[in-house]
Each structure stands twice: as structure tokens, then as C-alpha cells.
Amino acid sequence: SVFVFFFFSRSSAKLVAPLGCLVSRQKHTLPDLPYDYAALEPHINAEIMQLHHSKHHATYVNNLNVVEEKYKEAVAKGDVTTQVSLQPALKFNGGGHINHTIFWTNLSPNGGGEPKGELMEAIKRDFGSFANFKEKLTAVSVGVQGSGWGWLGYNKEQGRLQIAACANQDPLQGTTGLIPLLGIDVWEHAYYLQYKNVRPDYLKAIWNVINWENVSSRYAACKK
């Protein structure tokens with residue numbers, strides 16, 4: 001992201017942008033998967049994982065870097081019109097990068113089963129039972145029209161877990177304020193090669209590879 005620092009000039013009593021005010025930063029990069037492409041089989045096959053990670057996620061990363069560069073130039077020129085026009089691309093590619101970076105860690109070849117400890121207690125408190133929660137998140141994810149995501153998020157203000165759906169690559173926290181704990185990608189590229197147009201079959205399978213340790217650690221971190 002681009003940051004602009006201003007200081008107050010007593011002599012001119014105006015906000016002045018100092019030279020070199022745009023902080024240089026590293027470009028976004030594609031994160032490595034914490035497992036092999038074939039590690040989630042038979043639930044998600046290697047071909048899907050390879051395309052999803054090395055093509056789709058990589059494209060969001062590349063496009064995000066391009067958009068941020070254009071945005072930085074527009075900020076430097078004080079070109080607000082261009083900054084505004086770049087917002088949709090920033091949201092789409094930035095969201096795609098954020099969402100997938102979470103998604104890969106939410107999955108594990110050693111996943112499945114049920115969570116333990118504090119997360120399980122919170123699920124029971126907020127949804128009645130793990131079975132109810134699973135049914136609810138599955139239904140919300142199946143019901144996404146077109147492309148999007150189903151999410152388990154944490155509402156910090158209310159101190160409770162919430163389920164939400166986001167369209168396209170809209171990032172959960174940036175669009176709803178909920179802190180993302182578990183995301184389920186329901187774009188067709190996430191399942192079509194294996195499950196064709198039967199999204200419910202994909203959703204049934206994905207529970208076998210959910211990394212509850214990762215979800216639990218995310219929950220613990222956002223409660224601090």
C-alpha cells in the first residue's frame with residue numbers, strides 16, 4: 001500500500017508533502033504453499049491446486065503490483081481522479097491476494113475433523129453446535145451467486161463469530177469489518193476441473209482438509 005506523510009509548515013500554514021514522501025516498499029510476491037500440489041488429494045486434486053496457486057493467485061499478485069505502481073504515480077501527481085478510478089482494480093486484485101494467502105493456510109493434508117479448545121467453545125456458543133456451524137457455512141458458500149467466498153469471521157466489537165459471504169474477491173475485513181478466520185473459495189476455478197458444476201460436492205469434500213490449527217491460531221490472535 002502507498003503511504004503519504006505530511007508535515008505542518010508554520011511558515012506557509014499549509015499541509016506540505018515533503019520530497020520523497022512516498023515510502024518505497026517491496027513488491028507483493030506469491031507465497032509458497034505449505035504443502036505439495038498433490039497433498040490435498042483426493043479432496044482437491046493436484047491440477048486444480050497448481051493452476052489455482054501458480055496461475056490465478058499469481059495473476060492477482062502481478063496485477064496488484066501494477067495497480068499500486070499506477071496509484072503511487074497518481075498520488076505523486078495529486079491526480080485524485082485516477083486514484084478513484086484505480087479503486088476497483090485495487091479491491092479486486094488486493095482482495096484476491098489477501099483471500100488466497102489466507103486460504104492456502106486454512107487447508108492442510110492433515111486437516112479435517114473438528115476444532116478443539118477455545119475455538120470449539122466459541123462455535124458451540126455462537127452456532128449451537130459444530131454440526132450447525134458446518135451446515136450454515138456450507139449453505140452460505142453454496143448460495144454465493146456467481147463467484148465469491150464463504151467466510152467464518154470474528155466480530156471484534158461484539159466478541160462473537162459470524163458467517164458471511166463476499167462477492168468476487170472482496171476481502172472480508174475490508175468490506176465487512178469481520179476478521180477472517182476461515183475462507184472457502186467458491187470461484188469455479190477452485191473446483192470445476194474435479195467437481196464440474198456440482199459446488200455442493202466440492203464443499204462436502206473441503207471439510208476433510210480444513211486446517212483447524214490454523215483457524216484456531218487466527219482466532220486466538222484476533223482476541224488479543
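We count residues from 1, following the sequence as given.
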Q: Using side chain to side chain contact (heavy atoms under 4.5 Å, CB included) as the criterion, list what pairs up with K204, not counting sequence neighbours.
A: none
Solution key, residues 165-174 side-chain donor-acceptor pairs under 3.5 Å, sequence neighbours excluded:
from	atom 1	to	atom 2	distance (Å)
Q169	OE1	N99	ND2	3.2
Q169	OE1	W149	NE1	2.9
Q169	NE2	Y60	OH	3.0

Under 3.5 Å, side-chain donor or acceptor atoms of residues 120-127 against the rest of the protein: list the pairs with distances, not counting sequence neighbours.
from	atom 1	to	atom 2	distance (Å)
R125	NH2	G159	O	3.3
D126	OD2	L161	N	2.9

Q.
So for atom CD, which belongs to Q145, do other residues, nucleotides or ligands contribute more than 12 heavy atoms lying within a distance under 6.0 Å?
A. no
Q. Does N208 use its side chain to pair, donor to acceptor, with the backbone of A205 at less than 3.5 Å?
A. yes
Q | Heavy-atom side-chain proximity of W207 to L137 below 4.5 angstrom | A | yes
Q) H43: what forms a ring-ring contact (aromatic ring centres under 6.0 Å, His included) with it, not counting sequence neighbours? A) none
Q | Any pair counted as salt bridge (Lys or Arg N to Asp or Glu O under 4.0 Å), so long as it reaches residues 209-224, sequence neighbours left out | A | E118-K223
**Q.** Working for salt bridge (charged side-chain N to carboxylate O under 4.0 Å, His left out), residues K72 and E69
**A.** CA-CA 5 Å; K72 191 168 79 169; E69 202 55 47; 3.6 Å; yes
Side chains of residues 109-117: which donor-acceptor pairs under 3.5 Å do they make with residues two or more places apart or in other chains?
none

**Q.** Sequence neighbours excluded - salt bridge (Lys or Arg N to Asp or Glu O under 4.0 Å) pairs with any residue from residues 144-159
**A.** none
Q: Would you name the heavy atoms of Y71 and Q83 that are closest together and state the gap between them?
A: CE1-O, 3.4 Å
**Q.** Contacts of type ring-ring contact (aromatic ring centres under 6.0 Å, His included), residue F130, not counting sequence neighbours
**A.** F133, W212
Q: May I ask you to check whether W151 and T176 show a side-chain donor-acceptor distance below 3.5 Å?
A: no
**Q.** Contacts of A139 that satisfy side chain to side chain contact (heavy atoms under 4.5 Å, CB included) - sequence neighbours left out
**A.** none
(Q) According to ring-ring contact (aromatic ring centres under 6.0 Å, His included), who are the partners of H56, at least two apart in sequence or on a separate chain? (A) H189
**Q.** side chain to side chain contact (heavy atoms under 4.5 Å, CB included) partners for E47, two or more places apart
**A.** N45, L51, L193
Q: Look at the rings of H57 and H97 and say which category their plane angle falls in: under 30° parallel, 30 to 60° tilted, over 60° perpendicular.
A: tilted
Q | side chain to side chain contact (heavy atoms under 4.5 Å, CB included) involving A89 - partner list, sequence neighbours excluded | A | V67, N93
